[in-house]
Amino acid sequence: MAHPLTELTGSWTGPARTWLDPTGEPNVGDWRVQIESLLDGRYARLRYDGVCTGKLHHGEMTLGVDDHEHTLYWIDTFHTGASPLWSTGPAGPAVSVLGSYRAGDQRWGWRTAFRRDGDELVIEATNIEPSGEETRAIEVRLVCVAAV
């Protein structure tokens, strides 16, 4: 089964809004993303560079899919620190995965979703407090600048 994002291989760019304070205004910076297909389309890798709070950061997400679930392995120099984020979600055309991370002695949830909005690829992330309250964390709206 080919991963849905492998049909989007190429170079993408666009604004990223990051909410460091869920009640405040987002920090806005640009992301440059390269999407490539791996292992005959079973995986899609997104490598990116971005700016948040005036600092350059780099990262990558490797997404997989089989008959049962989508998977995401995410590492970067801003959001994930020294611990990768591993997330899973149901297989299908929609890509939405849920993982968790440690903040002090608590585990918080993190949902990442990928969707098309016209010509844009939208990446949305939601932070989930231990109480279950959800707040917007990241929204990236990308347009393709060079298809492969």
Side-chain angles (χ1 to χ4, degrees), residues 1-66 69-103 108-129 132-148:
M1 170 183 288
H3 193 280
L5 294 183
T6 59
E7 67 187 40
L8 306 178
T9 58
S11 298
W12 296 72
T13 188
R17 299 187 309 159
T18 304
W19 285 266
L20 300 172
D21 173 357
T23 62
E25 291 296 314
N27 182 279
V28 180
D30 289 321
W31 275 26
R32 290 171 311 283
V33 178
Q34 184 69 35
I35 301 176
E36 62 184 303
S37 175
L38 302 174
L39 302 176
D40 298 323
R42 289 182 290 164
Y43 297 90
R45 178 168 45 206
L46 285 74
R47 294 183 183 186
Y48 63 90
D49 296 306
V51 175
C52 191
T53 66
K55 297 179 183 174
L56 184 64
H57 63 94
H58 316 281
E60 74 176 60
M61 301 173 184
T62 301
L63 296 104
V65 66
D66 62 20
E69 67 183 357
H70 284 284
T71 58
L72 168 73
Y73 182 84
W74 180 32
I75 55 175
D76 83 353
T77 58
F78 183 81
H79 300 94
T80 65
S83 299
L85 182 68
W86 176 255
S87 304
T88 61
V95 181
S96 180
V97 294
L98 178 64
S100 67
Y101 65 95
R102 183 169 301 286
W108 287 55
W110 186 270
R111 181 180 309 106
T112 309
F114 300 80
R115 65 181 174 83
R116 294 298 301 267
D117 184 6
D119 291 337
E120 294 181 325
L121 171 61
V122 181
I123 305 171
E124 297 171 311
T126 304
N127 211 12
I128 305 168
E129 296 182 23
E133 183 177 343
E134 298 187 8
T135 57
R136 189 176 350 196
I138 302 169
E139 180 189 70
V140 185
R141 300 184 83 70
L142 300 166
V143 294
C144 186
V145 294
V148 175

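Just so you know, residue 1 is the first one in the sequence shown, and it goes up from there.
Counting heavy atoms from C-beta on, the side chains of Tyr48 and Asp76 come closer than 4.5 Å. Within the 4.5 Å cutoff, the side chain of Glu133 has heavy atoms near those of the Thr135 side chain. Ile123 has its side chain within reach of Leu46: a pair of non-hydrogen atoms, C-beta onward, lies under 4.5 Å apart. The side-chain heavy atoms of Leu5 and Phe114, taken from C-beta on, include a pair separated by under 4.5 Å.
Among all heavy-atom pairs drawn from His70 and Gly92, the shortest one is NE2-O, 2.8 Å. Pro4 approaches Val65 most closely through the heavy-atom pair CD-CG1, 4.4 Å. Smallest separation of non-hydrogen atoms from Ser37 and Thr9: N-CG2, 3.6 Å. Nearest heavy atom pair, residue Trp74 against residue Glu60, reads CD1-O, 3.3 Å. Across all their heavy atoms, Arg42 and His3 have their closest contact at O-CB, 3.9 Å. Residues Ala82 and Pro84 come closest through the heavy atom pair O-CD, 3.9 Å.
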Donor-acceptor pairs under 3.5 angstrom involving side-chain atoms of residues 140-148: please list them, not counting sequence neighbours.
{"residue": "Arg141", "atom": "NE", "partner": "Glu120", "partner atom": "OE1", "Å": "3.1"}
{"residue": "Arg141", "atom": "NH2", "partner": "Asp117", "partner atom": "OD2", "Å": "2.4"}
{"residue": "Arg141", "atom": "NH2", "partner": "Glu120", "partner atom": "OE1", "Å": "3.1"}

Atom pairs and distances, side-chain donor-acceptor, residues 93-101, under 3.5 Å, sequence neighbours left out:
{"residue": "Ser100", "atom": "OG", "partner": "Arg107", "partner atom": "NE", "Å": "3.2"}
{"residue": "Ser100", "atom": "OG", "partner": "Arg107", "partner atom": "NH2", "Å": "3.1"}
{"residue": "Tyr101", "atom": "OH", "partner": "Asn127", "partner atom": "OD1", "Å": "2.8"}
{"residue": "Tyr101", "atom": "OH", "partner": "Asn127", "partner atom": "ND2", "Å": "3.3"}

Ile35 and Leu121: CA distance, side-chain angles, deciding distance, side-chain contact (heavy atoms from CB on, under 4.5 Å) verdict
CA-CA 11 Å; Ile35 301 176; Leu121 171 61; 3.7 Å; yes

Could you walk me through whether Trp108 and Glu129 pass side-chain contact (heavy atoms from CB on, under 4.5 Å), step by step?
CA-CA 5 Å; Trp108 287 55; Glu129 296 182 23; 3.2 Å; yes

Chi angles and distances behind the side-chain contact (heavy atoms from CB on, under 4.5 Å) call for His57, Trp31
CA-CA 9 Å; His57 63 94; Trp31 275 26; 3.7 Å; yes

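Taking CG of Leu72 as the reference point, atom CG of Leu63 lies at 5.0 Å (rounded to 0.5 Å). Annotation: the span from Thr126 atom OG1 to Glu134 atom CD amounts to 6.0 Å, rounded to 0.5 Å. The structure places CZ of Arg17 at 5.5 Å from CZ of Arg136, a figure rounded to the nearest 0.5 Å. How far CG of Asp49 is from CZ of Arg32: 5.0 Å, rounded to the nearest 0.5 Å.
Judged by distance alone, with hydrogens and angles left aside, the side-chain atoms of Asn27 form a donor-acceptor pair with the main-chain N or O of Thr53 at under 3.5 Å.
At most 12 non-hydrogen atoms from other residues, nucleotides or ligands lie less than 6.0 angstrom from CG of Asp119.
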